[in-house]
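All heavy atoms count here, side chains included; hydrogens, waters and symmetry mates do not.
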Amino acid sequence: MFIGHFAPAFAAAAVSPKAPKLGALFIAAQLVDWAFFAFAAVGIEKMRIDPNATVMVPFDLYHMPYTHSLLGTAVWAAGFAVFMWFRYRELAAGVLAGLVVASHWVLDYLTHRPDLTIAGSEPFLGLGLWNYPFIAIPLELAITIGAFIWYVRRTRGPVLPPYILLGVLLIFQAVNWFGPVPQQVSLGLYFQALLAFGIATAFAFWVGNNRKHRRERDW
């Protein structure tokens, strides 16, 4: 799952004016992937290309105990929650940010083949929806667009920027689904992933900094 991970960020930003801004929640949504690709670049975690890994994604993610185990994700979520709590001086901001980080493992559980773990070793978990494009594609689009619509309705601000952000996300997702398949892992592949996260997050900061919660006066 790629842009589907941003659905919890949109949802959390829509829940309350006490939530962190959208840009920070976009970081939360992909925090463990930021860490994974950074770790993979220096050999701490590992992946390889396997065309038979799943129908949609040719990545064999065979060693990622620090980012994509349930325990590892929980540690990242707790750390980011504490950071956001102190950053905003608001417990609700920390809780929402932590939940967005934690949502990453849940969404990956739906789509990954069994390569996720509880604490870095067997059993390996994952429902493998990447093997069923007719389920995975509509699901990712539905949760992303649904959360986006809720965010737009619950906030106020310039009309165009959120739709530009959505367009960027959909373009990235189309490339992810239908673009050329990498032939091998490389620093370039890791950089490409991190660049995509960075661009999406930059647009989210732009959108979030120009929108306010419609119920802000009630808090």
Side-chain angles (χ1 to χ4, degrees), residues 1-9 11-12 25-85 94-133 135-137 139-140 143 173 176-177 181-198 201:
M1 187 163 287
F2 178 23
I3 65 169
H5 284 302
F6 296 123
L25 292 170
F26 261 50
I27 293 175
Q30 288 284 20
L31 183 62
V32 297
D33 273 352
W34 281 95
F36 170 74
F37 285 109
F39 285 176
V42 296
I44 296 174
E45 295 193 322
K46 298 178 181 180
M47 61 177 283
R48 57 194 167 207
I49 302 297
D50 177 3
N52 297 314
T54 63
V55 170
M56 295 179 65
V57 179
F59 296 155
D60 178 10
L61 305 166
Y62 65 95
H63 184 69
M64 45 183 187
Y66 307 113
T67 59
H68 284 70
S69 66
L70 183 58
L71 176 60
T73 300
V75 171
W76 288 99
F80 198 73
V82 170
F83 176 77
M84 286 289 103
W85 180 9
V95 171
L96 287 168
L99 289 173
V100 172
V101 177
S103 72
H104 192 104
W105 194 92
V106 177
L107 293 174
D108 274 355
Y109 174 75
L110 297 177
T111 55
H112 280 224
R113 71 177 185 170
D115 55 20
L116 304 173
T117 63
I118 299 297
S121 59
E122 295 184 7
F124 295 102
L125 306 171
L127 296 182
L129 290 185
W130 276 336
N131 284 315
Y132 306 95
I135 298 176
I137 290 176
L139 174 65
E140 187 148 15
I143 64 173
Q173 187 63 77
N176 179 260
W177 281 337
V181 176
Q183 299 302 306
Q184 60 183 6
V185 297
S186 64
L187 287 176
L189 177 62
Y190 304 143
F191 176 76
Q192 182 181 13
L194 293 172
L195 180 62
F197 298 157
T201 300

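Here the closest heavy-atom approach between residue Leu107 and residue Gly4 is recorded as CD1-O, 3.6 Å. Minimum heavy-atom separation, Pro58 to Pro51: CB-CA, 4.1 Å. Across all non-hydrogen atoms, the minimal contact from Gly120 to Pro65 is CA-CB, 3.7 Å. Of all non-hydrogen atoms in Gly98 and Ala77, the two that sit nearest each other are O-CB, 3.4 Å. Considering every non-hydrogen atom in both Gly94 and Met84, the closest pair reads CA-CB, 4.0 Å. Nearest heavy atoms, Ile49 versus Pro182: CG2-O, 3.6 Å.
Here the side chains of Ile118 and Leu71 are not in contact, with every heavy-atom distance at 4.5 Å or above. The shortest side-chain heavy-atom distance between Met47 and Leu189 falls under the 4.5 Å cut-off.
A distance of 8.5 Å separates CG of Leu139 from OG1 of Thr111, quoted to the nearest 0.5 Å. Taken from CG in Leu129 to CD1 in Ile137, the straight-line distance is 11.5 Å, to the nearest 0.5 Å. If you take CG on Asp33 and CG on Asp108, they are separated by 6.5 Å, rounding to the nearest 0.5 Å. Between the NZ atom of Lys46 and the CD1 atom of Ile44 there is a distance of 10.5 Å, given to the nearest 0.5 Å. For the atom pair Leu70 CG and Thr117 OG1, the distance stands at 8.5 Å (nearest 0.5 Å).
Other residues, nucleotides and ligands contribute at most 12 non-hydrogen atoms within 6.0 Å of the CZ atom of Phe191.
Residues passing the side-chain contact (heavy atoms from CB on, under 4.5 Å) test with Val55 are Asn131, Pro133, sequence neighbours excluded. Under the side chain to side chain donor-acceptor pair (under 3.5 Å) criterion, Asp115 pairs with His112, sequence neighbours left out. Applying the side-chain contact (heavy atoms from CB on, under 4.5 Å) test to Thr73 and every residue at least two apart in sequence or in another chain returns Val32, Trp105. Leu194 pairs by the side-chain contact (heavy atoms from CB on, under 4.5 Å) definition with Trp34, Phe37, Phe197, not counting sequence neighbours. By the side chain to side chain donor-acceptor pair (under 3.5 Å) test, Asp50 pairs with no residue at all, sequence neighbours left out. When the salt bridge (charged side-chain N to carboxylate O under 4.0 Å, His left out) test is applied to Asp60, the partners found at least two apart in sequence or on another chain are Arg48, Arg113. For Pro114, the side-chain contact (heavy atoms from CB on, under 4.5 Å) partners are Phe124, not counting sequence neighbours.
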Take Met64 and Leu116 through the test side-chain contact (heavy atoms from CB on, under 4.5 Å) and record every step on the way to the result. CA-CA 8 Å; Met64 45 183 187; Leu116 304 173; 3.9 Å; yes
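At distances below 3.5 Å, not a single donor-acceptor pair connects side-chain atoms of Thr201 with backbone N or O atoms of Gly198. In this structure, the side chain of Gln30 does not engage the main chain of His5 through any donor-acceptor pair within 3.5 Å.
Residue pairs meeting the salt bridge (charged side-chain N to carboxylate O under 4.0 Å, His left out) criterion with at least one partner in residues 34-45, sequence neighbours excluded, are absent. For residues 181-195, there are no side-chain hydrogen bond (donor to acceptor under 3.5 Å, both in side chains) pairs, not counting sequence neighbours. Residues in residues 64-84 take part in these ring-ring contact (aromatic ring centres under 6.0 Å, His included) pairs, two or more places apart or across chains: Phe36-His68, His68-His104.
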